[in-house]
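Worksheet: one structure, shown below.
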Amino acid sequence: MSTATVLKLHGAAGTGQAAPAREGAAPAAPLPGPLPASRAAEAPARPWAALLARGPSGRAMALGVLSIAAFLVAWHLASTYRLDAFIRFINVPGPLVVLDRLAHALDNPSFVQNVLISLRRIMLGFCLAALVGVPLGLVMGRFRVVRECVFPLSEALRPIPAIAWVPMSIMLWPTTEASIVFITFLGSFFPILVNTLHGMHALDGVLVRAARCLGASERQLFLEVYLPGTLPQIFTGLTVGMGVAWVSLIAAEMISGQFGIGYFTWEAYSLIQYADIVLGMVCIGVLGLLSSAVIRMIGGLVMPWARGSAVQEGR
Amino acid sequence: MSVAPLAGPVAAGGEPTRGHVALRDVHLRFESGRQSIDAVQGFDLEVRPGEFVSLIGPSGCGKSTLLNVVAGFIAPTAGAALVDGEPIRGPGADRGMVFQQYSLFPWKTVRQNVEFGFKMKGVGRARREEAARTLLGIAGLLAFENHYPDQLSGGMRQRVGIVRALATSPRVLLLDEPFGALDAQTRAVMQQILTNMWQKLRISVLFVTHDIEEAIFLSDRIYVMTARPGRLKMMLPVPLPRPRDPAMTSSPQFMALRRTVSDLIREESLKAMGMELGDGLLDGLSIDARGKDLAAML
């Protein structure tokens, strides 16, 4: 936050802040005494009961299981009876065939190899995007000059989908591997950058002023205020970025065609291994789900304050 | 540097020697687009070492802005701002500040918040933890050292905020309507806590508020500001004895002071409103737009 912004803020705040600000912040507890202790005491004695109350209700669970089961049964019937009514299930393998295929695939070293290669590309591309996107977003949020330099360029490049970069990327990079990692990087970079920047805008200026009053240097501000203060938005960016990274990776693997789970899926089509198509799809879905779960887990670990009252009971 | 918790400016029971704040003929003008606004004109203020001084005035008079000058967030357009004779150049740990909005770091526990100033000075983990625990113990907040700010009530958050600002023994404590967001009962308790704390520490305090009783109850002297552009309306000493307690608020002395201050501020508030309404409108009502006549009418 530049001095100019602080000036403006105060110029504006001085005019009529008193009354509305007081009302806005009114929900304070009536006494400065040990209220949270009583709040903690009100917490349910049986933690599992609270967990159940918080999680999905029995009805929601039952309905969820029911809808998935219905989907599988419909799929099974459609492929068993070779449904052919505009959409064609003539060549589509049933769920049982796919399940059987999965059992074999895990013994198949080339399938496992493809999965590992895709994971490595995701790790490289995504981590690079995070390593560049987060610091760049923080610096752009802090220094107007940097923002004015980078923002127009990033806004110009952002609407181009990572997939559209595939031919250019193959020309740019010496190896296919590098070009695929680059595509993955591009896919996740912009969501991470934009969300970090948004986090910097959303950061309450009073926290920065408080830190400066407590003697924080510019470097300390980044480490102690900007970074932790924007973590919630950074993790939103990482979650979105991870999703886009998978989309970009699979497309790049399908087009440039050298190993990976996307390549596996496309090749299965070429080789008329129809069960493998579904296997590839399911595998991509599971990997995507797992990688966003990992990010959420890390987010929970590095942002213990966001877990709210759970922490209080844990201590 | 010293990690001695809550070390006031008093050298072993003597008179406070540091924490002298001076504003000399301070002007503040803000440019927004083509408009320029005179927020403060020719303001003089002094906080003597160990003194509790309040700054009060109608809303928009620039009292918070002046506090931000002392904090170092705003440089005066003209005039001088000094702490212990040295010109103020930007914010620093020698001036502790408590804000109206809750300003605890939500990602840090209560203790980590109090440790923040020590950490910025490079004090090692063990020493700063110990210092923070001592301070929280004195403030009666030790039981909540591992709580996050979101788990505290508004009054407790401000108490932690005050402890955090005092932790590294600043020369002067700046408070910007710190209890403005609290309800009446909590505010009264917090005022008592603050005045007791000050009584022990004898640290210089500059306190901005729009609450007249609060200013009288806490202060040695009160600076009343005019409506914008902010100038000194009147400086009033508060001769109430110390230590202060809530019973004093019904003493004749207190009542008289309250009436004086509130008359001064009402006059200025009306003036500010009159300016916003525009002279034309008031002319139509054939009222003298300025000051006492209008005040008397209402």
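Letters A, B, ... are given to chains in the order of the sequence lines, protein chains preceding strands, and every chain is numbered from 1. All values below come from the heavy atoms of this structure, side chains included, with hydrogens, waters and symmetry mates left out.
Residues A:Q233 and A:T230 have side chains that never bring a donor and an acceptor to within less than 3.5 angstrom of each other.
Between B:K108 and B:E115, no side-chain nitrogen of the basic residue sits less than 4.0 Å from a carboxylate oxygen of the acidic one, so the salt-bridge criterion is not met.
Paired with B:N113 under the rule side chain to side chain donor-acceptor pair (under 3.5 Å), one option of B:R164, B:E145, B:R157 passes, and it is B:R164.
Using a 4.5 Å cut-off between heavy atoms, B:L174 makes no contact with chain A at all. If you measure heavy-atom distances from B:K119 to chain A, the contacts under 4.5 Å come from both the backbone and the side chain.
Options B:A184, B:A39, B:P106 differ in how many heavy-atom pairs under 4.5 Å they form with chain A, and the most are formed by B:P106.
Of the possible polar contacts, none joining the A:S292 side chain to the A:T239 backbone as a donor-acceptor pair under 3.5 Å is found.
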